[in-house]
There are 2 protein chains.
Amino acid sequence: MNDCSTKPLDLAMLRLACQNCSLHELCLPVGIHQEDVARLDEIIRRKRPLARGDHVYRLGDEFRAVYAIRAGSVKTYAMTETGGEQIIGFYLPGEIIGLDAIHSGMHPSSAKSLETTSICEIPFSQLEELASAIPTLARQLVRIMSREIHSDDELLTLLGKKSAEERLASLLMSLSSRLQQRGFSAREFHLSMSRNDIGNYLGLAVETVSRLFTRFQQIGLVTVNNKHIRIDNLDALREMAGIVGGGACGEKIRTGST
Amino acid sequence: MNDCSTKPLDLAMLRLACQNCSLHELCLPVGIHQEDVARLDEIIRRKRPLARGDHVYRLGDEFRAVYAIRAGSVKTYAMTETGGEQIIGFYLPGEIIGLDAIHSGMHPSSAKSLETTSICEIPFSQLEELASAIPTLARQLVRIMSREIHSDDELLTLLGKKSAEERLASLLMSLSSRLQQRGFSAREFHLSMSRNDIGNYLGLAVETVSRLFTRFQQIGLVTVNNKHIRIDNLDALREMAGIVGGGACGEKIRTGST
DNA sequence: GTGCTTCGTTGCGTCAGATCAATGATTCTG
DNA sequence: CAGAATCATTGATCTGACGCAACGAAGCAC
């Protein structure tokens with residue numbers, strides 16, 4: 001069962017990575033004109049691949065740029081005053097990190113690669129300059145930040161209200177759907193982060209995460225082989241994550257006030 | 001560079017230029033020209049005061065504007081699928097809400113006033129338009145959103161890693177310093193939210209919050225009289241919150257690597 | 001390969017905080 | 001102002017997840 005060590009994802013990632021950085025969220029969904037994409041492309045610096053464990057930036061670093069993940073994955077984490085780290089997020093290809101640093105001029109968190117990862121550096125002053133010339137770009141930047149706020153808010157709900165199993169299910173669902181959005185398989189993927197990272201992120205102990213994986217497997221939700229995971233019952237997992245059914249019950253949740 | 005301190009000069013200027021909507025973040029720290037502030041002022045709609053419990057917007061509402069709190073306070077909350085609400089944040093005068101809705105066109109959360117509250121409605125399409133004409137404004141918007149992301153991240157750390165007493169201490173410190181920034185007393189203020197809200201926000205049971213207040217009072221940290229609170233030992237409370245140094249804003253924390 | 005280190009899993013006792021329950025204190029409402 | 005409803009506090013239990021410990025498995029260095 002150890003044959004899956006070569007990650008099936010890497011090939012696909014590589015393919016995506018090659019079409020220059022246009023899969024960034026910055027120019028992805030909205031209609032940015034061809035020539036504007038080119039202008040954006042010009043200011044982007046492609047850095048050579050990071051090895052597992054390398055930092056993209058460190059807490060306290062001067063803020064100069066935001067970064068788009070081209071391939072691989074990254075975790076961002078902040079420091080507790082007692083020295084412990086709290087993982088803020090896992091970021092996948094196409095996503096952008098460093099947005100929390102804009103307001104203060106220095107990075108309030110660190111970003112570390114979870115595997116061989118290639119990233120694009122987008123110098124922020126130039127991005128802002130460009131954005132003031134290209135309104136659509138400015139709007140897209142604001143949108144991306146808004147989405148980041150929203151996803152943070154969802155994580156807050158997770159940490160504040162959900163049980164251990166709901167948390168893990170939520171994470172798996174989140175990874176699944178984000179990967180799917182980028183054209184990867186939704187049901188089978190590689191967990192590039194360690195159990196420790198997962199526990200940290202979800203506010204759980206490592207042991208709890210481990211136990212949960214075991215239980216999930218017993219229930220037939222997933223098949224786990226160390227870092228490789230296959231989701232066997234996506235609907236059940238989604239339900240466990242606390243995400244109500246998709247189209248099934250078309251109930252508009254009109255909640256009155258409390 | 002980025003100075004996050006609130007310069008008294010700016011405050012004065014703002015009161016003159018934007019008297020009715022005094023001190024909201026959009027034009028606060030950075031040097032926006034007098035005439036630009038006036039233009040911003042023009043698109044802002046002052047709504048009549050909200051009573052306690054009124055909504056600024058509701059989950060699912062179409063997104064049209066962001067809102068600046070002028071006076072009073074507001075809580076924002078999201079819904080768990082099981083119906084429970086998770087409070088995302090408490091917002092004080094000068095702060096801006098609704099930023100999580102920009103990306104999707106509809107509000108993913110609700111905002112409800114905690115007391116008699118007056119707010120400014122800032123129609124977003126007009127704000128964006130104006131921002132594309134006034135680069136400083138665009139930059140300020142992005143900064144505000146970045147700060148929102150960062151403060152969400154801090155809350156994540158709180159929910160993920162901190163103990164019950166650290167959580168409550170953190171909340172009190174946060175309120176204290178934010179109120180202070182706006183010229184209110186840092187040591188004595190009114191808790192406009194219920195114990196229930198506090199517990200919800202901090203991921204704790206109401207009873208736990210109550211017990212904590214009692215304990216804090218016994219230790220001589222604070223003096224509580226229902227919704228009125230006085231901080232008796234600010235340093236101790238800060239320490240308990242897990243905040244090392246004092247510096248509110250731009251403290252350079254040089255942390256070594258892992 | 002061989003040792004060495006880190007990672008993942010499982011068992012078990014413990015505890016912080018949840019839950020249940022009961023009683024004051026406040027605030028709505030008419 | 002009385003009565004109802006909600007909110008706050010305190011005590012008594014209970015439990016889910018943590019922390020420790022032990023061991024196997026996987027990755028790394030030489």
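The analysis underlying the following values was restricted to heavy atoms, covering all of them including side chains, and did not include hydrogens, waters or symmetry mates.
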>> Show me the pairs that pass salt bridge (charged side-chain N to carboxylate O under 4.0 Å, His left out) and involve residues 203-216 of chain B, at least two apart or across chains.
In response: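 Sorted pair list: B:Glu165-B:Arg215.
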> Which pairs with one or both residues in residues 216-227 of chain B pass salt bridge (charged side-chain N to carboxylate O under 4.0 Å, His left out), sequence neighbours excluded?
Replying inline: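 The answer is none; no pair qualifies.
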> How would you label the contact of A:Gly199 with the nucleic acid (heavy atoms, under 4.0 Å): base, sugar-phosphate, or nothing?
Replying inline: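 It contacts nothing in the nucleic acid.
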>> Could you check whether A:Tyr67 and A:Tyr57 have their ring centres less than 6.0 Å apart?
In response: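 Yes, close enough.
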>> Using ring centroids (six-membered ring only for Trp), state whether B:Phe189 and B:Phe184 fall under 6.0 Å.
In response: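 No: the rings miss the under 6.0 Å criterion.
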> Between which nucleotides of DNA chain C, read 5' to 3', does contact with chain A run, using atoms under 4.0 Å from its heavy atoms?
Replying inline: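 From 5' to 3', the first and last contacting nucleotides are C:dG8 to C:dC12.
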>> Going by side-chain contact (heavy atoms from CB on, under 4.5 Å), name the residues that satisfy it together with B:Glu115, two or more places apart in sequence or in a different chain.
In response: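 Expected list: B:Ser73, B:Thr117, B:His190, B:Ser192.
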> What string of B, S and - do you get for nucleotides 3-13 of chain D, 5' to 3', if B is base contact, S is sugar-phosphate-only contact and - is no contact with any protein heavy atom under 4.0 Å?
Replying inline: -----SBBBB-
> Per the end-axis method with five pairs at each terminus, what is the bend angle of the helix from C:dG1-D:dC30 to C:dG30-D:dC1, to 10°?
Replying inline: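 The helix from C:dG1-D:dC30 to C:dG30-D:dC1 shows an end-to-end axis angle of 70°.
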>> Measure CG/A:Asn200 against P/D:dG19 and give the value in whole Å, please.
In response: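 Whole-Å distance recorded here is 12 Å.
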>> Please tell me whether B:Lys162 and B:Ser170 have a donor and an acceptor in their side chains that are separated by less than 3.5 angstrom.
In response: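 Per modelled atom types, B:Lys162 and B:Ser170 side chains form a pair under 3.5 Å.
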> Taking atom types as modelled and ignoring hydrogens, do the side chains of A:His228 and A:Glu188 form a donor-acceptor contact shorter than 3.5 angstrom?
Replying inline: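 Yes.
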> Pick one: which of B:Val56, B:Leu59, B:Asp61 meets side chain to side chain contact (heavy atoms under 4.5 Å, CB included) with B:Ser110?
Replying inline: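 Exactly one pass, corresponding to B:Leu59.
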>> Exactly one of A:Thr76, A:Ile88, A:Leu156 should register a side chain to side chain contact (heavy atoms under 4.5 Å, CB included) with B:Asp153. Which one does?
In response: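 Per the side chain to side chain contact (heavy atoms under 4.5 Å, CB included) rule, the option paired with B:Asp153 is A:Ile88, out of A:Thr76, A:Ile88, A:Leu156.
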> Are B:Arg70 and B:Glu95 ion-paired here, with the side-chain N under 4.0 Å from a carboxylate O?
Replying inline: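 Salt bridge flag = no for B:Glu95 with B:Arg70.
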